[in-house]
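Hydrogens, waters and symmetry mates are skipped; everything else that's a heavy atom, side chains included, is used. We count ligands from 1, going down the list as the structure has it; atoms in each ligand are counted the same way. Just so it is clear, the structure is predicted and the values come from calculations on it, not from any experiment.
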Amino acid sequence: MSRFEVRKAVIPAAGLGTRFLPATKASPKEMLPLVDKPLIQYAVEEAVASGIEDIIIITGRGKRAIEDHFDRSVELEENLKGSGKAQLLSQIRHISTLANFCYVRQSEALGLGHAVLCAQRLIGDEPFAVILGDEIIDAPVPGLAQLIHAYKKRHGAVLGLQEVPHHDVSRYGIVASRTIAAGLHRVEGLIEKPAPAEAPSNLAVIGRYVLPPEIFPILRKTQPGKNGEIQLTDALRELAKKSPMYGLEIQGQRYDAGDKLGFLIATIEFALKNPSLGPDFGDYLQNRMRPSGERRTTRSRKA
Ligand code: UTP
């Protein structure tokens with residue numbers, strides 16, 4: 001195996017999900033359904049489609065549903081078998097066979113950097129991917145696969161980037177960089193959630209990373225930064241000083257599904273694309289957009 005093979009992915013899922021309260025008080029944000037699959041399943045499927053074999057999910061209190069989702073559900077399987085629902089049965093069984101799953105508990109939500117550090121023993125001395133499950137990327141070539149491709153050529157950390165409106169930079173980690181090829185940038189610095197006047201660019205880091213194991217000793221030394229959390233961005237800034245770091249503009253549509261508005265937009269887009277729901281849902285939306293006096297009466301229906 002080449003030492004530039006990326007086989008493992010970390011999905012941090014121990015955050016508190018405060019932007020989605022009260023829904024996330026007792027249920028994991030990562031289990032919010034986007035049409036008919038929980039958000040975290042999209043992240044797992046993207047990882048698997050990008051060649052990842054081992055998935056390390058960082059969990060915390062109140063996140064048990066995530067483990068149950070990727071485990072077998074024997075009672076449910078028996079029930080579906082007994083009632084002849086073969087297609088649903090194979091879908092349900094498939095979920096537990098997607099990858100090798102490991103779980104690490106982050107006992108306190110000390111920040112994304114700390115969550116990634118929790119995976120150190122399971123990653124060992126090899127490059128790995130990080131996927132933030134609340135950023136959904138809809139792309140013909142999976143977002144992570146695009147980064148892995150760049151990593152294999154460049155052999156340095158690669159961050160997934162996208163341009164964001166200038167007034168939105170304070171919601172993201174923003175890079176200072178210079179362009180070295182179409183869509184590819186050499187990262188020279190990073191700043192977490194800058195005020196628009198302080199932002200070095202409008203290129204935001206969007207929840208996909210391929211990192212070398214050298215990030216771990218840096219994370220271990222990283223002090224709490226913004227919001228008192230150990231920030232991955234701060235550790236990346238140190239890493240960029242020691243070894244080449246790249247940013248790749250990911251081709252695809254990104255949705256911030258950890259935010260209420262972003263989640264609603266993603267829901268509408270995925271519902272419209274869904275072959276069995278899309279046409280009826282599209283009709284409903286068109287009708288709903290008419291002035292109230294001109295709307296057809298619609299009935300709720302059982303599929
Ligand atoms: P976010 O800041 O987007 O998620 O962190 P959050 O903290 O859950 O949500 P808000 O901002 O309070 O609404 C990015 C990712 O890092 C994980 C989160 O689960 C999310 O996937 N995370 C964050 C951890 O695993 N541990 C932490 O201590 C912090």
Side-chain angles (χ1 to χ4, degrees), residues 8-34 38-47 55-67 69-70 101-120 122-123 128-137 143-144 159-160 162 164 168-174 190-194 204-209 211 215-216 219-220 222-236 254-264 266:
K8 299 180 181 176
V10 178
I11 304 183
L16 301 176
T18 50
R19 284 172 296 158
F20 232 115
L21 282 167
T24 46
K25 183 178 174 217
S27 318
K29 168 176 78 172
E30 296 73 17
M31 291 302 292
L32 289 169
L34 198 49
L39 292 177
I40 195 165
Q41 189 174 334
Y42 290 88
V44 167
E45 287 175 350
E46 180 182 328
I55 296 200
I56 298 152
I57 300 180
I58 311 300
T59 67
R61 267 180 299 286
K63 303 278 183 168
R64 266 284 305 279
I66 298 176
E67 288 173 53
H69 184 72
F70 292 108
F101 292 98
C102 298
Y103 298 89
V104 181
R105 294 270 288 211
Q106 183 189 22
S107 45
E108 236 184 299
L110 296 177
L112 174 59
H114 182 261
V116 172
L117 183 58
C118 290
Q120 179 174 18
L122 292 175
I123 298 288
F128 64 101
V130 177
I131 297 191
L132 303 192
D134 50 8
E135 298 262 3
I136 299 284
I137 296 176
L144 182 60
L159 318 181
Q162 262 188 2
V164 295
D168 265 354
V169 289
S170 55
R171 295 174 47 208
Y172 298 91
I174 298 291
L190 293 104
I191 172 164
E192 181 67 15
K193 301 191 168 75
V205 182
I206 56 155
R208 300 291 181 280
Y209 312 76
L211 301 176
I215 192 74
F216 290 123
L219 276 171
R220 200 163 283 287
T222 303
Q223 296 298 313
K226 226 163 206 164
N227 306 330
E229 295 186 341
I230 296 175
Q231 298 286 350
L232 181 59
T233 306
D234 292 343
L236 291 173
R254 176 184 63 90
Y255 301 98
D256 180 3
D259 165 85
K260 287 175 193 168
L261 181 60
F263 177 83
L264 289 173

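- Ranking the protein heavy atoms by distance from atom 3 (O) of ligand 1 puts Arg19 NH2, 3.0 Å first.
- Among protein heavy atoms, atom 21 (O) of ligand 1 sits closest to Pro12 O, 2.9 Å.
- Residue-to-ligand polar distances keep Glu108 apart from ligand 1: every N/O pair is separated by 3.5 Å or more.
- Remark: Arg64 pairs with Asp68 by the side chain to side chain contact (heavy atoms under 4.5 Å, CB included) rule, at least two apart or across chains.
- Contact annotation: Ala13 has at least one heavy atom less than 4.0 Å from an atom of ligand 1.
- Contact between Leu112 and ligand 1 is present, with at least one heavy atom of the residue lying under 4.0 Å from the ligand.
- For Asp168, the salt bridge (charged side-chain N to carboxylate O under 4.0 Å, His left out) partners are Arg171, not counting sequence neighbours.
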**OP:** Would you sort out whether Arg208 and Glu135 count as a salt bridge (charged side-chain N to carboxylate O under 4.0 Å, His left out), showing the intermediate values?
**Re:** CA-CA 9 Å; Arg208 300 291 181 280; Glu135 298 262 3; 5.9 Å; no

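- Residue Glu229 has no N or O atom closer than 3.5 Å to an N or O atom of ligand 1.
- In this structure, Gln106 counts as a contact residue of ligand 1, since one of its heavy atoms falls inside 4.0 Å of the ligand.
- Looking only at heavy atoms of the protein, atom 25 (O) of ligand 1 is closest to Ala14 N, 2.9 Å.
- Polar contact check, Phe20 against ligand 1: no nitrogen or oxygen pair lies under 3.5 Å apart.
- When only non-hydrogen protein atoms are considered, atom 23 (C) of ligand 1 lies nearest to Gly15 CA, 3.8 Å.
- Tyr172 contributes no side-chain N or O that, together with a main-chain N or O of Val164, makes up a donor-acceptor pair within less than 3.5 Å.
- Which of Gly207, Gly133, Gly17 comes nearest to atom 8 (O) of ligand 1 through a heavy atom is settled by distance: it is Gly17.
- Scanning all protein heavy atoms for the shortest distance to atom 15 (C) of ligand 1 gives Leu132 CD2, 4.0 Å.
- Here is the list of ligand 1 atoms found below 4.0 Å of a heavy atom in Ala109: 28 (O).
- At least one heavy atom of Glu30 sits closer than 4.0 Å to an atom of ligand 1.
- Residue Ala115 has no nitrogen or oxygen atom sitting less than 3.5 Å from a nitrogen or oxygen atom of ligand 1, judged on distance alone.
- The atoms of ligand 1 that sit less than 4.0 Å from any heavy atom of Lys29 are 3 (O), 4 (O), 6 (P), 8 (O), 9 (O).
- Residue Leu110 has at least one N or O atom closer than 3.5 Å to an N or O atom of ligand 1.
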